[in-house]
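Notes follow the structure.
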Amino acid sequence: MNQTPDTYDAIIIGGGPAGATTALCLARAGKRVIIIEKNEFPRFHVGESFLPRGYDLIQELGLGERLSQIPQVAKYGAEFGFGAGKASTYFTFDQALHDEGPTAFNIERAPFDKMLLDAAVEEGAALRVPATVKKIVRLSEGDVAVDIGGETISGRFLLDASGQTTLLGRHLGTRRTLENHRKVAYFGHFENVERLPGRAEGHPTVAMCDEGWFWMINIDERRTSIGFVLDADIAKTIDCPASDMLFWGIERCPLVRERVTNATLPTMTHTIADYSYYCRPFSGPGYFQVGDAAFFLDPIFSSGIALGMETATKVAELTVELLAGQDGTKTPAGRTPRSPARVRRDYARFLDDSAAPFVRLVNLFYDHNFREMFLHGKGPFEVQRATISVLGGYVFPKPRWSLTWRILLLHMFARLQRHFTLTPRRERYSLLDATPVSLRTVEPVRASA
Ligand SMILES: Cc1cc2nc3c(=O)[nH]c(=O)nc-3n(C[C@H](O)[C@H](O)[C@H](O)COP(=O)(O)OP(=O)(O)OC[C@H]3O[C@@H](n4cnc5c(N)ncnc54)[C@H](O)[C@@H]3O)c2cc1C
């Protein structure tokens with residue numbers, strides 16, 4: 001091993017929610033940790049809607065007061081409807097099967113991510129920014145090193161939290177795109193979008209169409225994040241530049257279009273393509289992948305940050321255990337550390353078990369029969385309430401059996417709905433068949449980032 005006094009216990013690539021949370025927990029455990037982040041914060045990031053479990057975790061980490069300083073909109077549920085804009089369904093988290101937190105929030109990511117990163121640094125994590133990890137120089141148990149452009153940083157563990165960059169996954173050649181989830185997302189921030197009244201103001205709106213779906217998320221008093229997720233193959237057939245695709249979609253979707261009638265459109269939109277993938281194994285000799293660097297599933301149910309931050313706390317705990325194993329000491333809980341292989345199996349199980357109900361629901365979401373059932377809003381054996389528990393993010397370290405069997409049952413009901421009318425049929429809505437209505441006679445300047 002190449003250990004010197006400069007060797008860190010852990011090198012973390014990326015200071016987003018997953019990297020910052022891992023660093024915060026490791027620094028609190030007294031470990032020497034460095035975050036290498038390529039962008040100065042605050043920086044723009046998509047993903048503004050949190051789950052109740054994410055809100056609870058922020059309180060558990062003792063960051064509630066810091067969070068309250070950032071403008072945000074309280075979120076108590078969600079609105080789902082077809083693009084035609086008739087008869088949406090609303091659910092609230094207080095309808096969940098178990099007595100769990102009913103509150104979450106929507107927030108602009110730039111100040112939120114900065115808040116988390118600042119908290120990690122104040123706990124003692126070192127930060128190199130702007131600094132980009134260019135190359136992984138060494139990667140073995142207890143001995144890792146990265147090159148940040150002419151300088152080598154050494155450590156005992158490498159924790160990849162580089163998000164969609166999936167630095168380690170690409171280095172190891174393990175990144176696999178989920179072929180049946182090939183989507184493109186187009187999004188931007190609007191002002192003065194019409195809002196739902198009262199406590200429903202923070203409900204993200206999901207408008208479902210045959211070709212994809214839209215989100216509308218109020219992130220502060222003025223601004224609303226609007227995004228359009230489109231099947232990647234269909235996107236290729238539409239003669240419209242990526243920078244205009246968000247508007248192309250809205251012009252064909254009454255549910256969204258009617259709410260932006262008096263809004264100020266963004267002067268800049270963003271595009272992300274092919275973002276659903278996994279990088280297995282999630283950990284190996286000398287490393288863990290955490291947050292989006294491990295895997296990413298369709299963002300329809302806003303699970304990304306909750307999964308990323310929960311897995312970050314798990315990775316911190318497991319890294320402490322592996323370090324204790326190398327040092328021949330006990331874990332903070334006074335246990336004899338397990339072997340690295342057992343620790344890694346624990347991590348794989350944690351990720352697979354907690355993500356499983358989301359994977360099932362995401363797969364169902366693109367089936368019109370499931371959408372009909374979901375909008376119906378009720379079902380036998382409290383399947384709907386179990387679904388709301390999952391959508392609240394109460395699936396860690398693994399979902400309760402009371403949720404698992406109900407989600408499996410829901411799967412079966414959706415299959416039956418293909419052949420029998422278990423819940424009322426709903427008309428499909430196709431953007432390709434829709435007649436567009438122009439948003440503005442004078443178009444704003446639109447650029448793509
Ligand atoms: C279209 C879309 C909509 C979404 N909506 C939601 C939502 O509503 N709610 C939700 O919970 N989630 C949502 N997500 C997911 C959410 O944004 C992510 O799950 C979350 O940001 C993951 O955090 P992270 O820390 O793993 O990665 P990131 O937040 O992406 O952080 C990774 C960091 O690593 C840095 N980095 C990358 N490469 C290097 C390098 N080589 N060297 C140094 N630094 C590097 C980057 O600069 C970045 O700051 C959405 C995602 C998409 C694509």
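Atoms within each ligand, like the ligands themselves, are counted from 1 in listed order. In this text the structure is predicted, and so the values were computed from the model without any measurement.
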message: Please list the nearest protein heavy atom to atom 42 (N) of ligand 1 with its residue and the distance rounded to 0.1 Å.
response: Val133 N, 2.9 Å

query: What part of Arg43, side chain from CB on, backbone N/CA/C/O, both or neither, has a heavy atom under 4.0 Å from ligand 1?
result: side chain

task: Using a 4.0 Å heavy-atom cut-off, say whether Phe228 meets ligand 1 through its side chain, its backbone, both or neither.
output: neither

query: Which residue and non-hydrogen atom of the protein lie closest to atom 9 (N) of ligand 1, and at what distance in Å?
result: Ser49 O, 2.7 Å

- prompt: Which one holds for Leu51 and ligand 1: side chain close, backbone close, both close, or neither close, with close meaning a heavy atom under 4.0 Å?
  reply: neither

Enumerated ligand 1 atoms positioned under 4.0 Å from heavy atoms of Ala161: 32 (C), 33 (C), 34 (O)

task: Would you mind telling me if ligand 1 is within reach of the side chain of Ser302, the backbone, both or neither, using heavy atoms under 4.0 Å?
output: both

Within reach of ligand 1, part of Phe50 (heavy-atom separation under 4.0 Å): neither

- prompt: Do the non-hydrogen side-chain atoms of Lys114 and Arg109 ever get within less than 4.5 Å of each other?
  reply: no

task: Number the atoms of ligand 1 from 1 as they appear, then name those within less than 4.0 Å of a heavy atom of Glu48, with their elements.
output: 7 (C), 8 (O)

message: Between Asp147 and Lys134, is the salt bridge (charged side-chain N to carboxylate O under 4.0 Å, His left out) condition met? List the steps.
response: CA-CA 6 Å; Asp147 172 48; Lys134 305 273 186 203; over 6 Å; no

query: Is any side-chain heavy atom of Phe157 less than 4.5 Å from a side-chain heavy atom of Ile11?
result: no

- request: Using heavy-atom distances, let me know which of Ser303, Pro299, Ala185 sits nearest atom 3 (C) of ligand 1.
  value: Pro299

statement: The atoms of ligand 1 lying under 4.0 Å from a heavy atom of Gly163, numbered in the order shown, are 27 (O), 30 (O), 32 (C)

query: In this structure, which one of Ile226, Ile217, Leu255, Val193 forms a side chain to side chain contact (heavy atoms under 4.5 Å, CB included) with Thr205?
result: Leu255

query: So do the side chains of His203 and Lys75 get within less than 4.5 Å of each other, counting heavy atoms only?
result: no

- request: Provide the number and element of each atom of ligand 1 under 4.0 Å from a heavy atom of Gly291.
  value: 26 (O)

message: Students should be able to answer this: which protein heavy-atom is nearest to atom 26 (O) of ligand 1, and at what distance?
response: Asp292 N, 2.9 Å

task: State which residue, out of Ile13, Thr174, Ile136, fulfils the side chain to side chain contact (heavy atoms under 4.5 Å, CB included) condition with Leu168.
output: Ile136

query: Looking only at distance, does His45 have an N or O less than 3.5 Å from an N or O of ligand 1?
result: yes

message: Heavy-atom contact check, 4.0 Å cutoff: does Ala131 meet ligand 1?
response: yes

query: Just going by heavy-atom distances, which of Thr165, Asn39, Val46 is nearest to atom 17 (O) of ligand 1?
result: Val46

query: Just checking, is any N or O donor in the side chain of Thr152 or Arg138 under 3.5 Å from an acceptor N or O on the other one?
result: no

- prompt: Please state which protein non-hydrogen atom is closest to atom 23 (O) of ligand 1 and give its distance, to 0.1 Å?
  reply: Pro17 CD, 3.7 Å

field: ligand 1 N/O within reach of Lys38 N/O, cut-off under 3.5 Å
entry: yes

